[in-house]
Amino acid sequence: MAMVGDAISHAVLPGIVLAFLITGSRDSVTMLIGAGTIGVLTTFLIEFFHKKGKLQTDASIGVTFTWLFAIGVILISVFAGKVDLDQDCVLYGEIAYVPIDLWITKAGVVMGPRVLYIAGTVLLIILAFIFIGYKELFLTTFDPSFATAIGISTITWHYLLMGAVSITTVASFESVGAILVVAFLIAPPATAYLLTENLVKMMIISSILGILISISGYYLAAGTDGSIAGAMAAMSGVFFGLAFLFAPKEGYIFKILKKQSAPTRLE
Amino acid sequence: MIIQADDPIVEIHDLTVSYDKKPVLWGVDLTLPKGQLIGIIGPNGAGKSTLIKAIMGLIPNSSGYIKLFDDELSNVRDRISYVPQRETVDWDFPASVMDIVLMGRYGKLGIFKRPRKVDREVALDSLRKVDLEGYKDRQISQLSGGQQQRVFLARALAQQADLYFMDEPFAGVDAATEKTIIKLLREMTERGNTVVVVHHDLQSVTQYFDWVLMLNMRLVASGPTAETFNTEMLQETYGGKLTLLSEVGNLLKQGAFPSREKNEQVKS
């Protein structure tokens, strides 16, 4: 499942470019719709190749997203003159530009960074989605056949979830780029998984970790005068490593200590 | 030998199910009675799980139709409970025992609604019935195989259904848990519920089930255990596996069964 997020974050590129080429506007709603559509199409293709083509899931993911991403890259280079996007920006993003990209109303009032509003809106949508659909998401993820048996459509919820992953990805994409999106999609929950066994706590810890990673990553970048996105991705690895070693129950060191103390307890 | 039930709760007509165009169940035609404990037996790959998955609409039929409570599945879902095989879910999923049992209430709750107090009470009561009351806040990753199976059973009980389909509820559980489960299933049928169980252990068939289905890609036999479960039908169901069969045959002749052997069946 983790790699599906990775796949989507890359595969939405042609969606973004096509949405721009068709409407000619770079406004965020258009982008979100274009990317969201391709995101769901990506998950559909992954399922399709897996089920009908008898491909393993990882192979199916690999084929689908590289191919879609490549189309995106080709579209950008072909329409380079018309598209206000470039590969570097898409891959690495440039979070340092966020404060400059302001939302200014028609009356000329400066409302602050544009990305803040987009990401904020998406955050509210996702929170509402999780709040309303928690029960169904929980069940269809844990036990799809039971869900189907009681009449809940697992396919619908799968695509809704993947749609949510898509719009989250796209909203973040603009500011931080695909690579950092993947790091933030996977590292905080993976770290939280080592720290708790409760799904709600896991989501809360993930969010807090995301914030900690961003702040510490920013200062790491400032200190080393390096890429901000790169430093944040690096910090997500550091946090994961710390949790892996020192987590109270699942931690590696704790497990070793437990192993060593076990024989003495037996005596 | 296929005996039809009077006033059937499950009615299957000419059911054929295929995976990748290769039929795994051929022309199954049967009726099942209400209020009984019903066993589905047959060798590995005989289509036992497939049959109940087809009944629950989890896999499409190539032909035939199924009627439950003389109605279509979609109209009677809330009266039916399905217990999947234990290994089909990820038990490392971050969830507590209570979370899982509450899933049994989701069907009654409907979409978007949160479990109410009454649902928690039903769930707790179900846990009590499987002797896991003290485990309600335990993480599911910390449970033993037998406890996992009982959690699934509690979830099924929380559904408060009339008809239960269970896929191998005795797989990988110890003898004590098996006893607890069978006692529970008995109580359920005594209350008028119907329980259909996929089963592997031939030795306990006569002891456990009122009615038995014998399956090997097609339906070999269906009827009351006393009339149906005999050497001839076993021969037909298990075909070439004669060593096992002659053994069972001999046991049947003697009319006595040895104490339960602990040979784990490997599911293909």
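Chain letters run A, B, ... following the sequence lines, proteins first, then strands; residues in each count from 1. Nothing here was measured: the structure is a model prediction, and the numbers come from that model.
Applying a 4.5 Å heavy-atom cutoff, the residues of residues 88-99 of chain B that approach chain A are B/V89, B/D90, B/D92, B/F93, B/P94, B/A95, B/D99. Listed by sequence position, B/Q139, B/I140, B/S141, B/Q142, B/F152 are the residues of residues 133-152 of chain B in contact with chain A, using a 4.5 angstrom heavy-atom cutoff. Residues of residues 31-41 of chain B never come within less than 4.5 angstrom of chain A, heavy atom to heavy atom. Inspection of non-hydrogen atoms places B/R77, B/Y82 of residues 66-82 of chain B under 4.5 Å from chain A.
Separation of atoms OG (A/S145) and CD (B/Q85) is listed at 9.5 Å; rounding is to 0.5 Å. B/R155 CZ to A/D143 CG: the interatomic distance, rounded to the nearest 0.5 Å, is 4.5 Å.
The 12-atom threshold is exceeded at OH of A/Y159, counting heavy atoms of other residues, nucleotides or ligands nearer than 6.0 Å. The local environment of CD1 in A/I155 is sparse, with at most 12 non-hydrogen atoms from other residues, nucleotides or ligands closer than 6.0 Å. When the shell of 6.0 Å around CD of B/E121 is examined, it contains more than 12 heavy atoms from other residues, nucleotides or ligands. Residue A/Y117 qualifies as enclosed at atom OH: its count of foreign heavy atoms under 6.0 Å is above 12.
Here A/F138 is the residue among A/F131, A/F138, A/Y134 with the most heavy-atom pairs under 4.5 Å with chain B.
Only the side chain of A/K54 comes within less than 4.5 Å of a heavy atom of chain B; its backbone N, CA, C and O stay farther away.
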